[in-house]
Amino acid sequence: MAHWTRFEKEQEADTKRLISCLGGLHDEQDNNFQLALQFAWSNFRFHRFLDVNSHNIDRTLEGIYEKLVIHSDLNKAESWKRLTGEFLNLPLPNTEESKTGSHYAILSLLLTLSDSPSNNDYVEKERKKQAEDEPFDWGKYLREGEDFGLSPDSDTPDWLSEDEDEQESLSREDSGIQVDRTPLEDNEKKAAPAIGSWKVGEPDARTWLEQHVVQLYWTSRAHRFTHSSHLHSNLSAIWDQHLYSTDPLYTPDDKTVVTETQVIRETLWLLSGAKKLFIFQLNDGKVNVRNDIVVTHVTHNCLRSVLEQLAAYGQVVFRLQKFIDEVTGHVSETTLPGTLPTAKKNTEAHFRTYQAFVWALYKYFTSFKEELTEIEKCIINKDQTMTLSMVIDKLTPRLAQLKVLHKVFSTGVAEVPPDTRNVVRASHLLNTLYKAILEYDNVGEASEETVSLLFFLWVETVRPYLEIVDEWIVHGNLFDPAKEFIIQRNKDVPVNHRDFWYATYTLYSISEKTENEDKMSDNASASSGSDQAPASRQHTMVSFLKPVLKQIIMAGKSMQLLKNLKCKVSLHQAASRDADRKSLYTLFLESVQSRLRRGKESSPDMITEQQVNKQSLIKMQSIMVRYLELDDVHDPLLAINFARLYLEQSDFLETFACGDVSVDRSSESVTCRSFELTLRSCLYPHIDEQYLLCCGNLMQTLKEDYRLMEYLQAMRNFFLLEAGDTMYDFYTSIFDKIREKEPWQNISFLNVHLQEAVGQRYPEDGTRLSISFENVDLAKKKLPVHTLDGLLLSYKVPWPVDIVISSECQKIYNQIFLLLLLIKWAKYSLDVLQFNELVKAAETESPAEGAEHPPPSSIIPPDEPKGQEIHRMFLLRVKLMHFVNSLHNYMMTRILHSTGLEFQHQVEEAKDLDQLIKIHYRYLSTIHDRCLLREKVSSVKEAIMKVMNVVLMFAERWQAGLGAWKMDSIMKMESDFTNCHKFLVKVLNKAVCRGSFPHLESLALSLMAGMEQS
Amino acid sequence: PCSSGGPAVLSEYTAGSANYNLLLEISRLLNTGLDMETLSICVRLCEQGINPEALSSVIKELRRATDALKARNQSEIFS
């Protein structure tokens, strides 16, 4: 009985302790305690459970082991087997033998209490197991005391203690009662993780990391473990074995076994640009695959070949990343998106085209890395199976894009020799992109994604160019500090110089043939470059701008001129207009987007400007909020104000939002097929519009404010003698002087007369006109026809108009002026001859035959009487007059007047200054030609000159009186004249018959009429 | 709060055998939620011939009841 009660007492004591442990009840008199005790007793005594069956337990233990293996919890499985085995073989406190019923009973208890052992993560038996290795840990612990003192303690405990807390709270949750631990164990627990967590160099730290974070496969410790004994997962080993058996000399190298997951993750890291990797090694910019890497389920060569492919892409990523670093001035941290294009400080000016390109690449890589991270997360979560081939499969489009990027990069950037000028680099890059787009665009749907990628790159890269163009054609200043634009301002020519229009800008056109040699061919004058450039060979100068290059140049120069012309007039007007103006780039982007969108939804959204502003404000605000939140600032008011502030800089929104824009674009199913068409409809119209606007403005300003038309009219008035009466006054005075044989080449005399004549009717022009006399060599002067040569009429054209009426033009004007003056002179000298002069002279010499009129005859004998002589003089005079009058009429009406009318018409329609200059020049050369002053028709001109000479000599002789006449000289004159006349008629008729010179018809007819009579 | 017999029991089996550590590992691996003390009590009860399945049902029931009691107490405190 006593024995029984002692046994029972023990049982009761234990039960009570159990209840107080589990339930937290310490008061034995407590009602709940009593209830619990009763419940326990009744359950212990009266239950229907079978006795413990050791076989069942064994089977269950085996089952759990298998389960753990299946779950790949190999460590767990191993320790499970070991722990249970050891336990069964050790004695219990009150039981000496091993594998007793009590052992199995305890195991059975634990098994029934177990709660899904395969799922719980926090069973950290490894550490515990280590803790169990007491001798080792004790030593560690004792040594650790010294280490602690040496090393800074302060920064470790943070998460460590947290970890500890977590563990404690967990155990408390379970039991409800905190167990008082022995100080030994407590310290030991604290010390062990402390070593591991922050003394990474030590072997223990390694093991700690290995157990908690990742296995240190990169330290090339051979971890020869097997996941399973299945054939498929040991292919590598089996293959090695096979090699070994077939080739007796085969010696397997020492290889590092890694898991496929590790390979995948390293691949992802490689592609996202990490430089220090284990499997892939970077040597001098070349990515190599480590040779001694092996996975268990694939042979070494197979793995290697797959990885080498990936390494090539990794190299591309490195190369591009390096380029990005170079251009951004190697920033270690990524900058805010908006600041990238401008934030860098370099000694030289920013090369914006490269920066833009880099920015595009950067954006591309950002999205690429996002995708990689997505995959990596997937691997970490272990939600789905992920194999290397699956990853490669998933990345295939990206890899193809990388290939394209690399191609573009190497041709567009890497192959350019380092000392090339920026303009060549920029245009080369843009051209490469452009050509690539065209190339892929032609392939059609097959390369839609590539095209959209390239298009995105191109659109980003072209941005600085378009901004330069925009600045130039809208504000008139070519802002290009890095000299990357194809047109450069020549610094030494001021705007208000007359050469401005021709010599201010240099167009760099790059010839395709000598691309890598000296790429430059500087066309000194850009505007006449429009004459030269398109006609000449294939140029690579930024091909996309080629169709509108002329317009850009025109608009730019016009704008600059215009700015200078009315800089004071409407500066603030323009400024106010500029505030709500969209930049060319913005317009371009918008057009592209709307064009791309049109493919999807046909309904164009009609948004008023106000709405746009409001929308952009809201958008801005959200962007600002986002950026402020990065700095932990939550202040909507601040955000709104920021938004308003930055909205004024229209560019800001673009910079921030272009990420979205580009996403839109790349996801576009309707890509930019027929890329050139896109450009034509999206970019060129905006440039054209601006071109028309500012050139029109310039034209208007020139015509209205600077009286271009009046100056043109003045030129015609004075040089082309359209102001007949005025000029008549002038030239008759000269002719009279010449007739009187008085000296007339006096400059002051000429000028006085000119001023007198002009001043009456055109007081303004009087001050501008001047005449001078240039000495011509005297040998020529002998002939009377050259008397007037050397006269130089000049008209001072004020600044902006002298771009049109240049000194070269004045030279041509002057030539025509001289010719006209000659004809006028001839006409005048014939006109002033009086019949009675001659008759009187004849009478005084031989009064007998004075009034006789002999019958006309063609052949004149040498001793003809005086009367006949006089008659023949009369006849000759009339013939000459006919000729001169025909010529005069032809010149004045047929040529000058009608051509002048045409010219006036064209001038009014001229769109830009260049066109105007051309029209003017064409006009001049036309009248120059038609006045037969051209070299080609010099024989005609000579004939006319001869006739003129005859006329002048004739007039001179006439005045000298009959006494000075000799019959043979009259005959000579007659024959000279007839010859020339015949020649001219023949030549002109031929020309008219050929129909090549319709304007000559009237001259030919009238001359012919003169012929018939003779 | 700590149980009165705790230290004595602990010293007993830490000095006694390494088997308890083993057993504790197994218990942790199986995620039974037993702490050292409870485990030692259970071991002794099993040695005394208490049916393990009965014991486990008692433990589970006691845990459930304790949780319910705690929850009720808490709601009483807050209400």
Side-chain angles (χ1 to χ4, degrees), chain A residues 7 10-11 14-15 17-24 26 32 36 39-40 43-44 47 49-52 64 76 79-80 83-84 86-87 90-95 102 105-117 119-120 123-125 128-129 132 171 174-180 182, chain B residues 1-67 69-70 73:
Chain A
F7 184 72
E10 257 179 40
Q11 260 190 357
D14 281 334
T15 315
R17 228 180 276 156
L18 181 71
I19 288 165
S20 63
C21 267
L22 288 172
H26 309 295
N32 284 336
F39 172 75
N43 265 288
F44 290 162
H47 60 80
F49 298 111
L50 294 176
D51 280 353
V52 178
I64 287 176
K76 235 191 230 181
S79 42
W80 169 253
L83 287 171
T84 47
E86 275 179 39
F87 170 74
L90 280 177
L92 284 171
N94 300 324
T95 321
S102 303
I106 292 165
L107 281 179
S108 160
L109 168 73
L110 293 178
L111 285 174
T112 44
L113 280 176
S114 83
D115 181 16
S116 61
N119 274 352
N120 68 326
V123 177
E124 291 158 354
K125 75 274 166 193
K128 276 292 193 173
K129 192 161 71 77
E132 171 198 38
S171 66
D174 288 340
S175 60
I177 295 168
Q178 176 62 44
V179 179
D180 204 11
T182 53
Chain B
C2 91
S3 84
S4 52
V9 175
L10 268 179
S11 61
E12 189 181 311
Y13 51 64
T14 40
S17 78
N19 215 347
Y20 274 108
N21 276 327
L22 267 179
L23 207 51
L24 189 65
E25 275 313 309
I26 295 169
S27 152
R28 290 176 62 85
L29 202 152
L30 289 174
N31 199 19
T32 56
L34 295 174
D35 59 12
M36 200 62 150
E37 191 186 357
T38 326
L39 188 63
S40 68
I41 298 167
C42 291
V43 169
R44 253 174 303 144
L45 283 172
C46 283
E47 279 179 310
Q48 286 163 14
I50 303 289
N51 187 293
E53 286 178 74
L55 182 54
S56 82
S57 72
V58 166
I59 290 172
K60 281 177 186 167
E61 186 57 33
L62 279 178
R63 276 180 183 168
R64 201 185 50 74
T66 316
D67 286 347
L69 192 68
K70 267 186 197 161
N73 284 346

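Labels below follow one simple rule: chain letters A, B, ... track the order of the sequence lines, proteins then strands, and each chain is numbered from 1.
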**Message:** So which atom in Leu29(B) and which in Ser79(A) form the shortest heavy-atom distance, rounded to 0.1 Å?
**Reply:** CD1-OG, 4.2 Å
**Fill in**
Of the listed Val43(B), Leu62(B), Asn51(B), the one with the largest count of heavy-atom pairs under 4.5 Å with chain A is Asn51(B)
**Asked** Between Asp51(A), Asn43(A), Leu110(A), which shows the greatest number of heavy-atom pairs under 4.5 Å with chain B?
**Response** Leu110(A)
**Heavy-atom side-chain proximity of Leu39(B) to Ile106(A) below 4.5 angstrom** = no
**Request:** List the atom of Phe39(A), the atom of Val58(B), and the distance in Å for their closest heavy-atom pair.
**Result:** CE2-CA, 4.1 Å
**Options Ala105(A), Ser102(A), Ala40(A), ranked by heavy-atom pairs under 4.5 Å with chain B, top entry** = Ala105(A)
**Asked** Atom CG in Leu45(B), atom CG in Asp14(A): separation rounded to 0.5 Å?
**Response** 5.0 Å
**Item:** Distance in Å, Leu22(B) CG paired with Thr84(A) OG1, rounded so as to fall on 0.5 Å steps
**Value:** 9.5 Å
**Interchain contact, Leu50(A) with chain B, by part (heavy-atom threshold 4.5 Å)** = backbone
**Message:** How close do Thr38(B) and Leu22(A) get, counting heavy atoms only, and between which atoms?
**Reply:** CG2-CD2, 4.0 Å
**Prompt:** Are Leu109(A) and Ile59(B) side-chain neighbours, meaning at least one heavy-atom pair lies under 4.5 Å?
**Reply:** yes
**Asked** Which distance, rounded to the nearest 0.5 Å, do you find between the CG of Leu111(A) and the OG1 of Thr32(B)?
**Response** 10.0 Å
**Item:** Side-chain heavy atoms of His47(A) within contact of Glu53(B), under 4.5 Å
**Value:** no
**Request:** Pick one of side chain, backbone, both or neither for Ser56(B), based on which atoms fall under 4.5 Å of a heavy atom in chain A.
**Result:** both
**Item:** Closest non-hydrogen atom pair, Phe49(A) against Ser57(B)
**Value:** CE1-OG, 4.3 Å
**Flag side-chain contact, heavy atom, 4.5 Å: Asn31(B) against Leu113(A)** = no
**Complete:** When rounded to the nearest 0.5 Å, the distance separating CG of Leu55(B) from OG1 of Thr112(A) is 8.0 Å
**Request:** Answer whether the closest heavy-atom distance between the side chains of Arg17(A) and Arg44(B) falls below 4.5 Å.
**Result:** yes
**Fill in**
In short, Ser108(A) meets Pro52(B) closest at the heavy-atom pair OG-CG, 3.7 Å
**Message:** Using 0.5 Å steps for rounding, measure from the CD atom of Gln48(B) to the CZ atom of Phe44(A).
**Reply:** 9.5 Å
**Request:** Evaluate the side-chain proximity of Leu30(B) to Ile64(A): yes if any heavy-atom separation is below 4.5 Å, no if none is.
**Result:** yes
